[in-house]
Amino acid sequence: MNPHVFPIPTDLASKAHVDARGYEEMYRRSIDDPEGFWREQAQILDWSRPFTQVKNTRYSPEDVTIEWFADGRLNASYNCLDRHAAQKGSEPAILWAGDTPGDQRRVTWSDLRQEVSRLANTLTKLGVKKGDFVSVYLPVIPEAIAAMLACARIGAVHSVVFSGFSAEALAGRIKDCRSRVLITADEGLRAGKYVPLKKNADAALESLPFVEHVLVVRRTSRDVPMNPERDLWYDGALAQAPADCPPVEVGAEDPLFVLYTSGSTGKPKGMLHTTGGYLVHAAASFRAMFDYHPGDIHFCTADVGWVTAHTYLIYGPLANGATVVLFEGVPTWPDASRWWQIIEAYRVNIFYTAPTAIRSLMREGEAPVRKHDLSSLRVLGSVGEPINPEAWLWYHEVVGGGRCPITDTYWQTETGAVLLCPLPGAMALKPGSAAKPFFGVRPALLNSDGSAVEGEGAGNLCFADSWPGQARTILGDRERFLKTYFSTFPGYYFTGDGARRDADGYYWITGRLDDVINVSGHRLGTVEIEAALASHSSVAEAAVVGFPHEIKGQGIFAFVTLKEGITESDELRRELLQLVRTRIGPIAMPDRIEWAPQLPKNRSGKILRRILTRIAAGDFESHGDTSTVADLSVVEDIVRRFQKQN
Ligand code: 6R9
């Protein structure tokens, strides 16, 4: 037996929704008869008006059309709440663990239904109507879930902005979708530190007079300024709102949410997701990829500001009636056993996290894990970036006790839900591989000339047909949507990632091929960071690249050219870091800033990031193909400066 392949656990397989034969059969059927397959899968939801059409999708260069279940009607909050509240109202929907150990809340299905209804009524009273956008800037607290479901209840479209983003980043995202209502909190609390959310929101709104109302959740209850004309306390408003709010029926192709993600050029892209297809894909894939069974407790560590939380902490699990653990804090505070303590306390069965966190916890050794009884765990998951085999093996052995399969799930904000992953009862595992396509998903590896790689080999990871959870457009910019995803390889959706397929048909993601870097599982556009650096009055220009980082996967390396007469200094370095922090947020702060008298460019003046990428990785010898470099001495100069320091 190949020591690098982990066989399917037989006891798990015997009870699993999908076993090995089942996968082969279902996958084939999903490709041969996608209409029939997805019609069946869609029964996981309650439709207020059943659909007659399943799929209307085309990726042809003249016509990109993505529609699923188009004439069906439903309500997402009904599917995630009412139908479960009716059956098990007093059981928990959310088990919340606060930043401070011991600070916890148990929210039942009935509680959540009531809170969502009151909030939905409050939003309606504030003038929010079907199709309106509502921005949400909240920490990881039950109110964040309530806010999303309350929007869905009245057909409004939520735009959750990660609470670690700065005022400026928040402002850009509110401006783009023009929401007139913002839901935020007085402050957040992370690792014992206060995060000034209301203060950031106030700063963001200075330039956005069209925002009429701000609902403020009391999280820390410390003093924050309130603007009586605009701001309302969330608790006060909800107390006055009726506890019943009938869900508004919407069309399957009506929008459910927008979520911003960094692209390879400037401005973040607002990926627009619709209701029916997204919820079918989220619910069906959640059930299959974690082999969810009723009664399972599911813990996804993602922040509500990312797509992972939208799909596999909120919509997918709640549509299945799963109880979710919601954790506000960080895994290493007050100590490195925080997650393991939560898993033990709540008897968590399914645990879903990112490789970067595993790597940082690995550093703390096995003791914090071994202190806790993790025998309730049955399935583990990984998401956000390729997981290195060392981290995989540690996760499998130390956290999963060698018995829990790890599902390495490959997908994107744009894809809405999973595209590649092993199903725990159906596939042997190879550490670092996202295994095989999910049902209905048709991966293709393409050479740069557009020809397909057959069998074993590597190429640009593309998909030949649509899947229900796919984003329908970039809000307000269909041209950019078509250009980014459908123009590089006509007839295909292009992910921006590279991948390899092995002899067993397993896929291995090799990383981004564009100017996007993946830092701790968060996507950041290098161009955005460069723009922030270049906005400093002393900076002539800047180039940002990723470099291998032990914990974060990729770190951020900035090469900065100063204006004539400006002296290099540590003080200036600090100013630049601060600038990135205020323009984007702490996650975008470079790990290293180095001064470069000039940046290597091609003859048309485009910065050659691939050369800088090699230098940043400590490779001073091979610069790759340098035939396009306008002035090679620029490269030699940077290398000389580096060798002196390193
Ligand atoms: C869900 C999410 C998407 C990008 C994607 C790829 C990387 C995600 C991965 C993975 C290797 C996995 N990525 N999952 N790479 N293995 N299992 O992370 O969405 O934030 O939009 O990032 O993340 O590069 O293109 P998002």
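Along the sequence shown, the residues carry numbers beginning at 1. For ligands, and for the atoms within them, numbers begin at 1 and follow the listed sequence.
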Nitrogen or oxygen atoms of Gln412 and ligand 1 under 3.5 Å apart: yes

If you scan protein heavy atoms around atom 11 (C) of ligand 1, the nearest is Pro386 N, 3.1 Å

In the protein, what heavy atom is nearest to atom 9 (C) of ligand 1, and what distance, to one decimal place, separates them? Glu385 N, 3.5 Å

Does any part of the side chain of Val369, heavy atoms only, come nearer than 4.5 Å to the side chain of Trp394, both counted from C-beta? yes

Which of parallel (below 30°), tilted (30 to 60°) and perpendicular (above 60°) describes Trp38 and His281? perpendicular

Report, in ascending order of atom number, the atoms of ligand 1 lying under 4.0 Å from any heavy atom of Asn518. 7 (C), 23 (O)

Find all atoms of ligand 1 within a distance of less than 4.0 Å from any non-hydrogen atom belonging to Val383, and give their numbers and elements. 1 (C)

Can you check whether Thr308 has an N/O within less than 3.5 Å of an N/O in ligand 1? no

Determine, using heavy atoms of Trp306 and all atoms of ligand 1, whether some pair is separated by less than 4.0 Å. no

Angle between ring planes, Trp339 versus Phe299, binned at 30° and 60°: parallel, tilted or perpendicular? perpendicular

Please report which non-hydrogen protein atom sits nearest to atom 4 (C) of ligand 1, along with the residue it belongs to and the distance in Å to one decimal place. Arg523 CD, 3.9 Å

Per-atom contacts of ligand 1 with Val307, taking only distances under 4.0 Å to non-hydrogen atoms: 1 (C), 19 (O)

Answer whether the closest heavy-atom distance between the side chains of Leu12 and Pro405 falls below 4.5 Å. yes

Just so I know, are the side chains of Leu461 and Tyr410 near enough to count as touching, which here means a heavy-atom distance under 4.5 Å? yes

Closest approach of any protein heavy atom to atom 2 (C) of ligand 1, naming residue and atom: Trp411 O, 3.7 Å

Check: Asp408 N/O within less than 3.5 Å of ligand 1 N/O: yes

The protein heavy atom nearest to atom 24 (O) of ligand 1 is Asp497 OD1, 2.6 Å

When you compare the side chains of Tyr395 and Thr353, does any donor N or O come within less than 3.5 Å of an acceptor on the partner? no

Start with the C-alpha gap between Tyr352 and Met289, add the side-chain angles, then the distance that decides, and say whether side chain to side chain contact (heavy atoms under 4.5 Å, CB included) holds. CA-CA 11 Å; Tyr352 191 36; Met289 81 200 215; 3.8 Å; yes

Location of contacts on Ile509 toward ligand 1, heavy atoms closer than 4.0 Å: side chain

Under 3.5 Å, is there a donor-acceptor pair linking the side chains of Arg173 and Tyr260? no

Determine whether the side chain, the backbone, both or neither of Thr409 has a heavy atom under 4.0 Å from any heavy atom of ligand 1. backbone

Which protein non-hydrogen atom lies closest to atom 21 (O) of ligand 1, naming both residue and atom, and how far is it? Thr413 OG1, 2.6 Å

Have Arg287 and His17 got a donor and an acceptor in their side chains that come within less than 3.5 Å? yes

Quick look: Val516 vs ligand 1, heavy-atom contacts under 4.0 Å, and the answer is neither

Within the structure provided, determine whether Arg512 and Arg523 are in side-chain contact (heavy-atom separation under 4.5 Å). yes

For atom 18 (O) of ligand 1, which protein heavy atom lies nearest, and how many Å away is it? Gly384 CA, 3.4 Å

Any heavy atom of Ala434 sitting closer than 4.0 Å to ligand 1? no

Pick out which of Asn320, Leu279, Asn79 makes a side-chain contact (heavy atoms from CB on, under 4.5 Å) with Ile44. Asn320

